[in-house]
Amino acid sequence: MIMKNKKILIISLIGIILIIAITVGIFIVNKNELKPEDTLNNYISLINEKKYEEMYELISESSKSKISLDDFIKRNKKIYEGIDAYDLKIELKDKNKEDNAYRISYNETMSTSAGIVTFSNEMKLLNENKTYKIDWSSKLIFPELNDTDKVVVDTLASKRGEIIDRNGAKLAENGSISSVGIVPGKLGENKERNLENISNLTGVSLEYINKQLSASYVKDDTFVPIKKISKDNTELKNQLLQIPGIKISSESARVYPLGEEAAHLIGYVQKINADELKTKEGKGYNLNSIIGKLGLEQAYEDTLRGIDGTEIYIVDEKEKKLKTLAKQDKKDGTDVKLTIDSNIQKNLYNQMKSDKGFFVVMNPTSGELLAAVSTPSYNSNDFVLGMTTSKWEEVRNDENKPLYNRFLQSYCPGSTFKPITAAIGLTTGKISSETTFSYSGLKWQKDSSWGNNYVTTLTAYNGNKNISNALIHSDNIFFAQAAIQIGKDEFCSSLDKIGFNEEIDKLINFPLSFNKSQYSNSEKEILTEKKIADSGYGQGDILVNPIHMASIYSAFVNSGNMIKPYIEYKKENEKTYLKENVFKSEAANIVKNDLIQVVENPEGTANDMKLNGITIAGKTGTAELKKSSTDTESGTLGWFDCFTINKTGNDILIISMVENTQKNNNGGSHYLIRKIRTLINII
């Protein structure tokens with residue numbers, strides 16, 4: 001009896017355990033069972049990720065029988081990517097159970113090229129093997145869209161704003177170019193020879209030409225474009241038109257009338273690339289957008305760019321318009337007017353286009369930049385027209401670096417820095433206009449602790465070793481001693497006061513980024529007394545950006561206040577200072593008068609800059625880039641900085657530099673003076 005009861009108890013326990021296991025299993029299955037709204041959310045996520053093949057796996061078997069994978073991918077991709085759809089979001093409204101299915105209603109929003117589209121929709125989900133699959137049709141894309149309908153995107157092209165100079169001359173305009181193409185059926189019997197001639201004249205490879213001609217859309221009467229050229233390239237067009245099969249048409253394009261003369265300043269536009277498109281998502285760009293790539297075209301992109309007008313709508317099989325889904329009016333870009341004077345820009349570029357150097361020209365009392373020239377240069381139009389690989393390699397590998405924008409860099413200023421040392425000494429009271437130093441010969445060192453290191457100067461002269469004579473004769477030794485007498489702390493803090501080690505480009509909100517000026521390679525500290533001495537005459541670790549230098553030199557015109565440089569034209573010329581009272585007014589005027597003597601005095605290093613009827617203050621400079629006393633390769637820079645005083649009309653201030661004066665044997669500063677004389681004589 002006892003054994004029988006035990007068996008009953010064991011069987012009962014096993015039964016209970018089985019019931020519990022089955023119950024837990026059912027609970028786990030139910031807990032892990034995919035909910036219909038999970039499928040919906042997953043589907044929307046896959047649209048955002050453009051994973052069309054995975055979307056197809058979420059639709060029901062009955063839906064798959066109506067549309068193949070390829071057709072499904074093609075339809076969804078064409079519509080969603082055609083309207084630039086992104087950031088799809090849904091908000092669930094209702095969920096109703098039907099026989100073996102659920103019907104979910106929801107609100108959907110998506111961003112498109114024509115703005116945000118909002119609509120209500122519903123999705124039916126079928127229970128297939130305990131998972132929910134979508135009963136798919138085109139209405140899931142838009143509720144008004146039937147499977148035989150199409151979604152159309154119409155674009156009304158906007159105009160990009162133009163860049164103009166102070167006088168209204170175009171620096172970047174919406175013009176036209178010539179498109180060279182081939183009509184295959186008219187190439188004639190000597191097809192291969194004609195194609196070879198076309199290749200030779202255009203610089204486009206035969207491989208590329210044949211690839212374009214073999215495209216599936218090409219028929220005998222199709223115009224197949226192969227090369228864009230300037231509409232003014234008459235000679236090339238005439239040569240090409242002698243070849244059977246050539247056709248030349250006109251098309252709208254960005255055009256740069258100054259070409260090489262202003263390329264570093266203006267930059268260029270090109271078609272947007274994939275990375276840029278991703279960065280600009282949500283700002284109305286599409287795969288065909290043109291975007292500023294460099295220079296002011298890039299800096300003023302948000303001002304210059306137009307936003308195309310776009311309408312997205314549904315049409316039926318007969319192209320009848322059924323419904324507009326979204327519409328955005330076009331918005332043309334805004335012109336940008338610059339302070340630049342095209343005549344000055346062109347004059348200076350063409351005078352030095354074969355050399356490596358720069359010119360920065362500014363009105364010293366207003367801060368208006370009148371020219372910013374970097375030589376040698378590239379042609380902005382080449383980037384719009386499209387470069388051949390060989391042309392690009394030629395430009396990119398050119399040892400003269402035509403792509404390098406020199407007026408945005410910082411350079412050793414040499415003796416053009418001496419007026420700054422003089423102004424610092426006078427302002428701090430460490431030296432005066434009466435201060436003289438005693439030394440003789442063309443080299444000097446403070447004491448034997450300098451070892452074999454000396455400060456050398458080029459010219460001996462009679463008269464006191466004071467500021468005036470030292471500037472007139474460009475005496476390195478005087479300014480080396482002056483820097484030591486000023487002292488490291490005063491010297492460095494005074495340079496900080498005029499903007500050294502500061503991001504001046506950001507401070508003045510300049511559209512192009514340029515390098516900082518510095519006085520040390522070692523965390524704002526000049527480490528040795530010899531380095532202080534060298535810094536006094538613009539050597540050592542001193543590097544100055546030319547736009548910053550223009551502002552510093554303007555303090556000699558503005559009683560010790562540095563003008564704020566700017567390049568965007570203003571109707572009302574408001575004088576704004578970048579830094580005020582950097583030099584005492586008396587100090588600035590003393591230096592200014594001494595710089596006049598650098599030009600006026602027969603012994604002045606810039607006496608060849610003297611012009612009848614115009615008062616000019618200036619300073620020559622030669623910067624040695626030697627890394628050691630035996631270095632003969634690093635070269636020298638020739639500088640000339642000057643400004644006119646009380647010239648009829650507006651005064652101008654010019655900062656200029658030419659590289660490799662030791663190799664070119666062009667006279668450095670005096671080479672620049674000849675260029676500047678020519679300019680001043682015609683303005």
Side-chain angles (χ1 to χ4, degrees), residues 339 360-370 372 407-411 413 416-431 482-483 486-520 524-526 535-536 538 541-568 570 573-592 594-595 617 619 641-643 645 651-655:
T339 57
V360 169
V361 184
M362 184 181 77
N363 181 321
T365 56
S366 70
E368 295 171 288
L369 281 173
L370 303 174
F407 62 75
L408 298 180
Q409 314 308 318
S410 294
Y411 300 89
T416 59
F417 191 79
K418 291 171 182 174
I420 299 171
T421 301
I424 290 172
L426 291 166
T427 298
T428 59
K430 297 295 184 178
I431 58 174
I486 293 167
K488 180 178 73 173
D489 293 341
E490 286 269 29
F491 190 66
C492 292
S493 64
S494 295
L495 292 178
D496 288 336
K497 190 176 179 181
I498 62 176
F500 275 68
N501 303 307
E502 215 172 336
E503 292 182 323
I504 298 297
D505 55 343
K506 292 183 175 60
L507 195 61
I508 65 177
N509 198 27
F510 198 71
L512 303 179
S513 297
F514 55 78
N515 285 358
K516 292 191 291 186
S517 299
Q518 67 164 61
Y519 52 76
S520 174
K524 295 175 61 173
E525 183 180 1
I526 299 176
S535 299
D541 294 335
I542 299 284
L543 298 176
V544 187
N545 170 266
I547 298 173
H548 185 201
M549 184 68 112
S551 181
I552 297 170
Y553 261 62
S554 76
F556 304 133
V557 178
N558 298 305
S559 301
N561 301 302
M562 290 168 55
I563 202 72
K564 179 181 178 180
Y566 68 95
I567 198 169
E568 192 170 349
K570 305 171 187 174
N573 192 350
E574 299 175 2
K575 178 184 286 191
T576 306
Y577 291 125
L578 170 60
K579 305 274 186 180
E580 295 188 54
N581 303 314
V582 294
F583 307 134
K584 287 182 178 178
S585 178
E586 182 185 5
N589 287 326
I590 288 171
V591 173
K592 177 179 71 175
D594 289 342
L595 291 178
K619 185 69 192 77
D641 300 345
C642 67
F643 50 89
I645 298 171
D651 284 314
I652 61 170
L653 184 155
I654 303 174
I655 307 296

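Being a predicted model, the structure only gives us computed values, none of them experimental.
With contacts defined as side-chain heavy-atom distances shorter than 4.5 Å, the pair K619/I420 does not qualify. In this structure, the side chains of V360 and L369 come closer than 4.5 Å at one or more pairs of heavy atoms. Here the side chains of E502 and K516 are not in contact, with every heavy-atom distance at 4.5 Å or above. Counting only heavy atoms from C-beta outward, the side chains of D651 and V557 never approach each other to under 4.5 Å. For the pair F643/M362, no side-chain contact is recorded, criterion being any heavy-atom separation below 4.5 Å from C-beta on. Counting only heavy atoms from C-beta outward, the side chains of S410 and Q518 never approach each other to under 4.5 Å. Counting heavy atoms from C-beta on, the side chains of P364 and F556 never come closer than 4.5 Å. The shortest distance between side-chain heavy atoms of M562 and H548 falls below 4.5 Å.
Atom CD1 of I563 is separated from atom OG1 of T576 by 7.0 Å, given to the nearest 0.5 angstrom. To the nearest 0.5 Å, atom CG of residue D489 and atom CD1 of residue I526 are 10.0 Å apart. Going from atom CG of N589 over to atom CZ of F583 covers 12.5 Å, rounded to the nearest 0.5 Å. The structure places CD1 of I655 at 3.5 Å from CG of D641, a figure rounded to the nearest 0.5 Å. Atoms CD1 and CD1, from I552 and I504 in turn, are 8.0 Å apart once rounded to the nearest 0.5 Å. Here NZ of K579 is found 9.0 Å from OG of S551. Values are rounded to the nearest 0.5 Å.
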Verdict with reasoning, T421 to I486, per side chain to side chain contact (heavy atoms under 4.5 Å, CB included): CA-CA 9 Å; T421 301; I486 293 167; 4.2 Å; yes
Step-by-step side chain to side chain contact (heavy atoms under 4.5 Å, CB included) determination, L495 to I542: CA-CA 10 Å; L495 292 178; I542 299 284; 4.3 Å; yes
Y519 and C492: CA distance, side-chain angles, deciding distance, side chain to side chain contact (heavy atoms under 4.5 Å, CB included) verdict: CA-CA 8 Å; Y519 52 76; C492 292; 3.6 Å; yes
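When all heavy atoms of A483 and F491 are compared, the closest pair comes out as CB-CE1, 4.5 Å. Taking both residues in full, the closest heavy atoms of P511 and I567 are given as CG-CG2, 3.6 Å, listed atom of the first, atom of the second, then distance. Closest of all the heavy-atom pairs between V544 and M549 is CG1-CB, 3.7 Å. G538 and P413 make their closest contact through O-CD, 3.4 Å (heavy atoms, listed as atom of the first residue, atom of the second, distance). Closest non-hydrogen pair, A423 versus A587, comes out as O-CB, 4.1 Å.
Of the listed residues (I498, T427, N558), just one forms a side-chain contact (heavy atoms from CB on, under 4.5 Å) with V582, and that residue is I498.
Side-chain atoms of N545 come within 3.5 Å of backbone N or O of Q409 as a donor-acceptor pair. Panel note: side chain K497, backbone N581; a donor-acceptor pair is recorded below 3.5 Å. Here the side chain of Y553 pairs no donor or acceptor atom with the backbone of P419 at under 3.5 angstrom.
The closest side-chain donor-acceptor pair between N363 and T365 falls under 3.5 angstrom. Side-chain contact of Y566 with N509: a donor-acceptor pair under 3.5 Å is absent, judged by distance alone.
With ring centers used as reference points, F514 lies 6.0 Å or more from F407.
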